[in-house]
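Quick notes on the structure that follows.
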Amino acid sequence: MGSSGAERAAERLLLAALCSVCQALQDGMLFPTESPSREVKDVSGLWIFRADESPERSRGFEQQWYKSPLAETGPVIDMPVPSSYNDITQDAQIRDFIGWVWYEKDVWVPARWIQDRGTRIVLRVGSAHYYSVLWVNGVKVTEHVGGHLPFEADISGVLRQTSGNQCRITIAVNNTLTLETLPPGTIQYMTDRSRYPAGYFVQNTNFDFFNYAGIHRPVLLYTTPKAHIDDITVETTFSDNIGLVSFNVSVLGSSKAAVKVTLSAQDGRCVASADGSRGVLKVTDVNLWWPYLMHENPAYLYSMEVQATAEDGQTDVYTLPVGIRTVKVTSTQFLINNKPFYFHGVNKHEDADIRGKGFDWPLVVKDFNLMKWMGANSFRTSHYPYAEEILQMADRHGIVIIDECPGVGIKDIRSFGNVSLAHHLTVMEELVRRDKNHPSVVMWSVANEPASEMPPAGFYFKELVSHTRSLDSSRPVTYITASNYARDLGAPYVDVICVNSYFSWYQDPGHTELIGLQLNTQFDNWYGKYQKPIIQSEYGADAVPGLHSDPPMMFTEEYQKTVLQNYHNVFDQKRKEFVIGELIWNFADFMTSQSIIRVVGNKKGIFTRQRQPKAGAFLLRERYWRIANETGNTLFKL
Ligand code: GCB
């Protein structure tokens with residue numbers, strides 16, 4: 001790539017795409033499900049792929065690779081979807097590739113979809129990192145900025161105008177990060193010709209995970225009737241034994257659709273119904289949605305069926321799981337259903353061998369089994385929104401979520417400007433639009449460890465937090481901080497203080513005896529200044545599995561355990577006061593970029609990357625089950 005070709009291309013695309021995202025936000029983003037009026041066809045699987053290795057990464061656009069089958073314009077390789085492309089081949093150039101890559105798949109669209117003009121056909125990508133452009137049969141149908149949220153396009157017209165049932169889907173994806181993307185990054189050209197060849201560049205980032213790229217979540221085709229349910233918003237509360245579900249349904253394609261809403265219990269019994277697109281359902285003898293280990297019958301979900309019947313008699317049906325629960329924050333507590341909730345959980349990553357950040361059901365189910373095994377009642381989606389399927393699992397298992405946007409590594413003052421802020425607000429809109437109806441989501445996190453001591457951070461976070469609250473007033477808002485409390489400019493705006501610290505690791509390495517003092521000081525400083533409840537949102541130590549020493553030394557399993565124990569002693573004191581949670585960093589080892597402080601990735605997992613326990617996992621298991629029995633409303637057996 002010559003001078004700043006990739007950057008310029010990325011920036012041009014960013015601006016164009018932001019406009020289309022703003023418009024798209026007027027529409028909903030309901031998870032595609034089947035119903036009597038809707039069909040879903042998963043077109044994930046084996047796709048073909050080519051990285052554009054031209055110096056400017058622009059050959060694909062110049063030669064219009066989307067116009068004809070990709071195999072006709074050059075060599076292609078097999079590429080699974082969903083998956084990151086980085087670890088699939090034996091080629092380090094593909095692993096570390098920066099720029100445009102091209103994916104293509106031919107699919108058949110059922111003839112009845114095309115013939116029935118009352119059917120709307122939508123192409124949806126669960127997520128692709130970072131910029132994406134989509135074509136169907138050579139016609140551009142949409143583009144999207146941002147690596148962790150879904151995007152979709154109505155392709156009915158294109159399919160009907162082009163070649164009928166055959167559908168060639170082309171997706172170009174670019175992982176170039178700029179100062180204004182989330183997360184931010186920069187491309188650096190190396191100009192010393194005695195050390196680097198002409199055109200040599202690297203991508204610099206300030207976050208500690210590998211910048212996996214590609215189509216990370218399923219690609220779906222789905223149908224709705226032309227007049228269709230576009231979005232549903234529910235908010236829940238209760239009083240004594242009466243649950244209240246307020247709903248708002250938006251219908252597109254008909255201005256006079258008749259909407260009917262029915263709420264059913266788990267045994268199929270209808271417990272409430274209403275006519276109209278807005279209203280409140282009353283549920284007597286309500287079964288509340290409780291977190292795992294807080295109640296003997298956690299994660300109770302009702303089923304809300306929405307029917308919209310248009311003037312022509314066509315009915316669209318969409319069913320949404322609904323958990324009835326409340327969330328409140330006081331100066332010392334986090335309340336779920338008016339009862340104190342203590343977060344004993346984990347921070348995760350979407351990360352695994354071979355597939356990178358690609359969605360994978362076996363991995364998701366294994367991770368939930370491990371979380372439940374260890375007695376974790378919560379996790380944070382560090383450092384970006386996770387797949388919707390994961391949130392659905394959390395709803396069904398009662399695992400509480402702090403839902404984080406990809407605002408990680410915001411360290412450069414140029415990333416606090418207006419363009420960055422506008423994009424950050426848009427990403428929060430996309431995130432809230434997607435995740436607002438999940439009972440498991442109890443708090444929004446707008447960023448992780450930004451340089452919140454820089455002067456623009458005050459204005460930036462004030463805007464960001466208040467905008468997020470205006471999108472959803474039913475949940476608290478936070479961001480995760482690592483900075484010195486006295487210099488933090490964003491903390492006045494958040495509802496809960498979330499602090500990361502690594503005493504005896506990044507500070508005073510080897511000195512676990514200092515943890516008690518330093519952690520107490522940390523908590524007292526933050527609480528003294530803000531009088532808000534505090535979550536220890538990260539703490540931990542690297543442990544290379546199988547490495548042992550006694551007395552403990554850094555990188556051994558014993559050292560990781562000792563760090564944890566020292567933190568726990570303080571948590572046990574402070575949770576009687578204002579500490580409302582502890583989230584270990586990290587659930588599992590994960591891949592990072594290569595550096596002298598990472599031994600094939602970050603090893604702070606209490607499980608290995610292959611999900612086998614280290615000694616720390618057993619320690620946390622004992623602890624979490626004990627805490628559950630102390631703080632839950634019932635007794636649980638380990
Ligand atoms: C942090 C970051 C996290 C890192 C972790 C570490 O503070 O939030 O992304 O991976 O520390 O292990 O350094």
Side-chain angles (χ1 to χ4, degrees), residues 147-148 177 182-185 204-212 343 345-352 356-357 379-386 402-411 415 445-453 457 478-485 487-488 490 494 497-510 512 515 518-519 522 526 534-545 554-557 559-560 563-564 567 581-609 614 616:
H148 311 86
L177 301 176
L182 284 180
N204 298 316
T205 56
N206 274 310
F207 52 83
D208 182 36
F209 52 92
F210 191 81
N211 189 34
Y212 279 113
F343 294 80
V346 300
N347 290 280
K348 294 185 89 267
H349 262 300
E350 288 185 316
D351 176 272
K357 293 202 176 304
F379 66 87
R380 168 161 77 109
T381 69
S382 41
H383 292 306
Y384 37 78
Y386 291 0
I402 300 173
D403 203 353
E404 188 154 294
C405 95
V408 55
I410 309 176
K411 304 284 189 194
S415 295
S445 163
V446 298
N448 178 70
E449 296 186 3
S452 49
E453 73 288 358
T478 192
Y479 72 90
I480 315 294
T481 184
S483 63
N484 180 310
Y485 79 103
R487 288 159 45 219
D488 193 290
V494 301
I497 303 280
C498 290
V499 191
N500 298 346
S501 58
Y502 289 90
F503 304 129
S504 84
W505 192 261
Y506 295 119
Q507 289 115 59
D508 305 297
T512 51
I515 292 174
Q518 297 185 354
L519 190 56
Q522 167 198 287
W526 281 98
I534 304 177
I535 296 177
Q536 180 75 37
S537 41
E538 286 181 25
Y539 71 106
D542 285 71
V544 176
M554 291 177 78
F555 292 101
T556 64
E557 295 197 31
Y559 191 89
Q560 187 183 45
V563 170
L564 268 47
Y567 268 82
E582 53 187 86
L583 303 174
I584 183 76
W585 189 264
N586 189 285
F587 171 74
D589 293 345
F590 59 90
M591 194 47 69
T592 63
S593 57
Q594 301 187 59
S595 89
I596 49 167
I597 60 158
R598 294 288 175 252
V599 188
V600 192
N602 186 310
K603 294 281 186 286
K604 292 194 185 68
I606 50 155
F607 296 99
T608 64
R609 201 180 191 208
K614 302 180 195 171

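Atoms within each ligand, like the ligands themselves, are counted from 1 in listed order. Everything quoted here is computed from the prediction, not taken from an experiment. This chain uses plain numbering: 1 for the first residue, then up along the sequence.
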Working note: Glu404 + Arg380, criterion salt bridge (charged side-chain N to carboxylate O under 4.0 Å, His left out); need CA distance, chi angles, decisive distance, verdict.
CA-CA 7 Å; Glu404 188 154 294; Arg380 168 161 77 109; 2.6 Å; yes

Worked verdict on Asp488 versus Tyr479 for side chain to side chain donor-acceptor pair (under 3.5 Å)
CA-CA 11 Å; Asp488 193 290; Tyr479 72 90; 2.5 Å; yes

Hey, would you say the Phe587 and His349 ring centroids sit under 6.0 Å apart?
no

Please determine which of Trp505, Tyr567, Trp585 meets the ring-ring contact (aromatic ring centres under 6.0 Å, His included) test together with Tyr539.
Tyr567

Side-chain ion pair, Asp589 and Lys604, N-O less than 4.0 Å:
no

Specify the closest pair of heavy atoms between Gly185 and Thr205, including all atoms of both residues, with the distance to one decimal.
CA-CG2, 4.3 Å

Tell me the residues surrounding ligand 1, counting only those with a heavy atom closer than 4.0 angstrom, sorted by chain and number.
Asp208, His383, Asn448, Glu449, Asn500, Tyr502, Tyr506, Glu538, Trp585, Phe590, Arg598, Asn602, Lys604

